[in-house]
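Single-structure report; data block below.
Computed from a predicted structure; not experimentally measured. Just so you know, residue 1 is the first one in the sequence shown, and it goes up from there.
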Amino acid sequence: MLCRFLCAAVFLCMVANSAIAQDPTKVEPKHYRLQFENDRVQVVNVHYGPHEKSEMHEHPGGVAVIVTGGHLKFTDQNGKVTEVYSKPGESRWFPPFKHKVENVGDEPYNAVYIGIKGKLTEAGANTNQESPLAPEEVAKILLEYASAAAKP
């Protein structure tokens with residue numbers, strides 16, 4: 001009987017943990033729209049209207065390319081709050097993380113999140129460096145991606 005109770009408790013914890021933090025394109029389709037995905041990357045359009053909030057979700061480590069600037073408040077799974085101010089054209093590296101987001105600003109916020117899957121994201125978890133790519137490098141990669149996608 002005790003074994004059944006413990007097994008049930010472990011199962012519920014596992015289910016609760018997976019329900020708490022999930023793929024943002026599934027948990028928050030209003031804010032995150034999948035543009036491209038393969039076994040190495042996930043490219044997601046991000047949109048938050050003024051003062052909109054998200055549920056808890058997670059991203060692999062990756063680069064956010066800011067389309068329209070804004071003031072966001074991130075709350076991680078432990079309740080730690082980090083405010084981020086961003087400008088159009090900026091790019092930032094983020095390690096893998098679980099969080100809620102709030103657009104604190106009065107204007108819509110738009111970005112593209114390029115999540116790196118697998119071992120590459122773990123190697124990039126070094127948070128001492130906000131962005132390993134210069135904005136020019138990110139722009140070049142996005143231009144190459146757009147050119148390849150436009151070819152028949």
Original post:
Distance from K26 atom NZ to E28 atom CD, nearest 0.5 Å?
Top reply: 13.5 Å
Original post:
Do the non-hydrogen side-chain atoms of N110 and V46 ever get within less than 4.5 Å of each other?
Top reply: no
Original post:
Does the N103 side chain pair with the main chain of G49, one donor and one acceptor, at a distance under 3.5 Å?
Top reply: yes
Original post:
According to the interplanar angle, ranging from 0 to 90°, do the rings of F74 and F94 count as parallel (below 30°), tilted (30 to 60°) or perpendicular (above 60°)?
Top reply: tilted
Subject >> Main-chain N/O of N38 paired to K117 side chain as donor or acceptor, under 3.5 Å >> reply: yes
Original post:
Which heavy-atom pair separates D106 from P50 by the least distance, and what is that distance?
Top reply: O-CG, 3.4 Å
Original post:
salt bridge (charged side-chain N to carboxylate O under 4.0 Å, His left out) between E102 and K100: does it pass, once the steps are laid out?
Top reply: CA-CA 7 Å; E102 178 181 357; K100 294 180 185 180; over 6 Å; no
Original post:
If you take all heavy atoms of V63 and W93, which pair is closest and at what distance?
Top reply: CG2-CE3, 3.9 Å
Subject >> Reported CE-to-NZ distance for the pair M56 and K98, which is rounded to 0.5 angstrom >> reply: 9.0 Å
Subject >> Heavy-atom closest contact (G115 atom, P60 atom, distance) >> reply: CA-CG, 3.8 Å
**OP:** Please report the closest heavy-atom contact between V101 and Y48, naming both atoms and the distance.
**Re:** CB-OH, 3.5 Å
**OP:** Please answer: with hydrophobic residues joined when any side-chain heavy atoms are less than 4.5 Å apart, are V84 and V104 in the same cluster?
**Re:** no
Original post:
How about Y109 and I66: do any of their side-chain heavy atoms sit closer than 4.5 Å?
Top reply: yes
Original post:
Do V81 and F97 share a hydrophobic cluster (ILVMFWY, side-chain heavy atoms under 4.5 Å, transitive)?
Top reply: no
**OP:** Drop me the distance from E58's CD to D23's CG, to the nearest 0.5 angstrom.
**Re:** 8.0 Å
Original post:
With no hydrogens and no angle check, is any side-chain donor or acceptor of E107 less than 3.5 Å from a backbone partner on G70?
Top reply: no
Original post:
Between H31 and H47, does a side-chain hydrogen bond (donor to acceptor under 3.5 Å, both in side chains) hold up when you go through it step by step?
Top reply: CA-CA 5 Å; H31 299 119; H47 172 80; over 6 Å; no
Original post:
Looking at E90 and S86, what are the two nearest heavy atoms and their distance?
Top reply: OE1-CA, 3.2 Å
Original post:
Taking all atoms of both residues into account, what is the closest heavy-atom pair of V44 and L34, and its distance?
Top reply: CG2-CD1, 4.3 Å
**OP:** Take the angle between the ring planes of Y113 and H59 and call it parallel below 30°, perpendicular above 60°, tilted in between.
**Re:** tilted
Subject >> Interatomic distance, H99 atom NE2 to N78 atom CG [nearest 0.5 angstrom] >> reply: 14.0 Å
